[in-house]
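See below for the structure under consideration.
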Amino acid sequence: MNENLTLQDLITIFKERLFLIVAITSLAVLVAAGVSFYVLEPVYETSTQILVNHDQKTVANNTNLNIETDLQLISTYSVIIKSRIILDKVIDQLNLNVSAKELNKQITVDKSEDSQVFELKVKYREPHMAVKIANTTAEVFQNEIQELMGVKNVSILTPAELEGNESPVFPNPFLNMFIAGFLGIFLGYGLALLLNYLDTTLKTDEDVIKNLDIPVIGMIGKIIEEEKPAANTTIILNREEA
């Protein structure tokens with residue numbers, strides 16, 4: 001094979017090995033679909049919103065200062081709500097068969113820089129249990145923060161709810177199939193190039209000139225054998241009577 005491939009050579013190889021490329025791509029898509037639908041365990045996500053705000057009835061003065069204090073506390077609260085002291089109580093209340101470390105990995109906290117609301121997100125393999133974990137964690141945190149910080153400025157703004165038509169956030173079968181198809185095309189074409197590189201046969205007069213650097217003085221055309229009469233064929237000659 002000529003190592004200096006032109007664009008025309010690449011297109012020719014693609015056309016010649018098209019069946020191989022399509023077969024590998026189809027196989028990759030089927031494998032990705034099978035793994036996504038039948039192997040990977042689906043994961044569902046739910047969330048609850050928590051408001052950090054001092055009770056204005058008990059704190060009448062320095063309202064702006066209180067808001068600034070609440071904003072600064074959110075970063076601290078984001079750490080406390082995922083701490084073992086909170087998660088151990090959640091595990092006990094729900095009888096979860098997981099450790100606090102494992103549950104911590106399934107919980108994330110999203111917060112905005114200038115907002116007194118932060119969002120608690122929970123990912124779990126069962127949607128109804130994800131809702132229970134999110135709401136229980138928020139409730140336990142709301143009760144425990146009063147003793148830990150000596151403040152009462154946390155309230156549950158929007159609890160998690162089970163809508164009934166939940167779809168898993170993982171896996172994404174169609175995205176996996178698309179990526180697998182994309183990789184299958186590259187893998188198939190790469191294999192086609194490899195096979196073409198390992199193929200040292202000379203098929204055309206251009207191959208002879210390129211690889212052997214000798215002129216072509218003649219070509220042998222395709223030989224078509226003539227049909228021979230069968231051995232048991234009977235030949236009848238008609239003679240005119242005298």
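What you are looking at is a predicted structure, and each value in this text was computed from that prediction instead of being measured.
- Under a 3.5 Å cut-off, the side chain of Glu102 and the backbone N or O of Ser99 do form a donor-acceptor pair.
- Between the side chain of Thr158 and the backbone N or O of Gln49, no donor-acceptor pair lies under 3.5 Å.
- Under the 4.5 Å side-chain contact rule for hydrophobic residues, Val122 and Leu157 do not share a cluster.
- The shortest distance between side-chain heavy atoms of Asp110 and Lys121 falls below 4.5 Å.
- Proximity of Glu144 to Ile86: side-chain heavy atoms (C-beta onward) are separated by under 4.5 Å at one or more points.
- Ala160 and Thr46 get closest at one heavy-atom pair: CB-OG1, 3.4 Å.
- Following chains of ILVMFWY side-chain contacts shorter than 4.5 Å, one cannot reach Ile107 starting from Val117, and the two form parts of different hydrophobic clusters.
- Residues Ile50 and Ala138 share a closest heavy-atom pair of CD1-CB, 4.0 Å.
- By the 4.5 Å heavy-atom criterion applied to side chains, Asp9 and Thr6 are counted as neighbours.
- The two residues Tyr44 and Pro127 come nearest to each other via the heavy atoms CD1-CD, 3.5 Å.
- Residues Arg84 and Leu87 are not in side-chain contact: their nearest non-hydrogen atoms beyond the backbone lie 4.5 Å or more apart.
- Other residues, nucleotides and ligands contribute at most 12 non-hydrogen atoms within 6.0 Å of the CD atom of Glu161.
- Within 6.0 Å of atom NZ in Lys82, more than 12 heavy atoms from other residues, nucleotides or ligands are found, so the atom counts as buried in its surroundings.
- Residue Asn53 holds its CG atom at 11.5 Å from CG of Leu73, rounded to the nearest 0.5 Å.
- Two residues are said to be in side-chain contact when any heavy atoms from C-beta on lie closer than 4.5 Å; Ile145 and Tyr77 meet this criterion.
- Taking NZ of Lys152 as the reference point, atom CG of Asn143 lies at 10.0 Å (rounded to 0.5 Å).
- Both Leu191 and Tyr197 belong to a single network of hydrophobic side chains, linked directly or stepwise wherever heavy atoms of I, L, V, M, F, W or Y lie under 4.5 Å apart.
- Here the straight-line distance linking atom CG of Asp92 with atom OG1 of Thr136 works out to 11.5 Å at 0.5 Å rounding.
- Judged as a ring pair (Phe, Tyr, Trp, His ring centres under 6.0 Å), and not counting sequence neighbours, Phe170 has no contacts.
- A search for ring pair (Phe, Tyr, Trp, His ring centres under 6.0 Å) contacts involving Phe174 returns nothing, not counting sequence neighbours.
- Each of Asn97, Val98, Leu96 was checked for a side chain to side chain contact (heavy atoms under 4.5 Å, CB included) with Leu94, and the lone residue meeting it is Leu96.
- Going from atom CD of Gln106 over to atom NZ of Lys101 covers 13.5 Å, rounded to the nearest 0.5 Å.
- Taken together through direct or relayed side-chain contacts under 4.5 Å among Ile, Leu, Val, Met, Phe, Trp and Tyr, Ile133 and Ile80 form part of one hydrophobic cluster.
- Using a 4.5 Å cut-off on side-chain heavy atoms (C-beta onward), Glu139 and Ile156 make contact.
- Distance CG/Asn196 to CD1/Ile13: 3.5 Å, rounded to 0.5 Å.
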For a quick test of your reading: what N or O donor-acceptor pairs under 3.5 Å do the side chains of residues 14-43 make, sequence neighbours left out?
| from | atom 1 | to | atom 2 | distance (Å) |
| --- | --- | --- | --- | --- |
| Thr25 | OG1 | Ile21 | O | 2.8 |
| Thr25 | OG1 | Ile185 | N | 3.3 |
| Ser26 | OG | Val22 | O | 2.8 |
| Ser36 | OG | Ala32 | O | 2.8 |
| Ser36 | OG | Asn176 | ND2 | 3.0 |

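- Nearest heavy-atom pair across Lys111 and Phe118 is CB-CB, 3.9 Å.
- At a threshold of 4.5 Å between non-hydrogen side-chain atoms, the residues Glu119 and Val109 do not count as touching.
- In this structure, the side chains of Leu148 and Ile85 come closer than 4.5 Å at one or more pairs of heavy atoms.
- When hydrophobic clusters are built by joining Ile, Leu, Val, Met, Phe, Trp and Tyr residues whose side-chain heavy atoms come closer than 4.5 Å, directly or via intermediates, Ile91 is not grouped with Val131.
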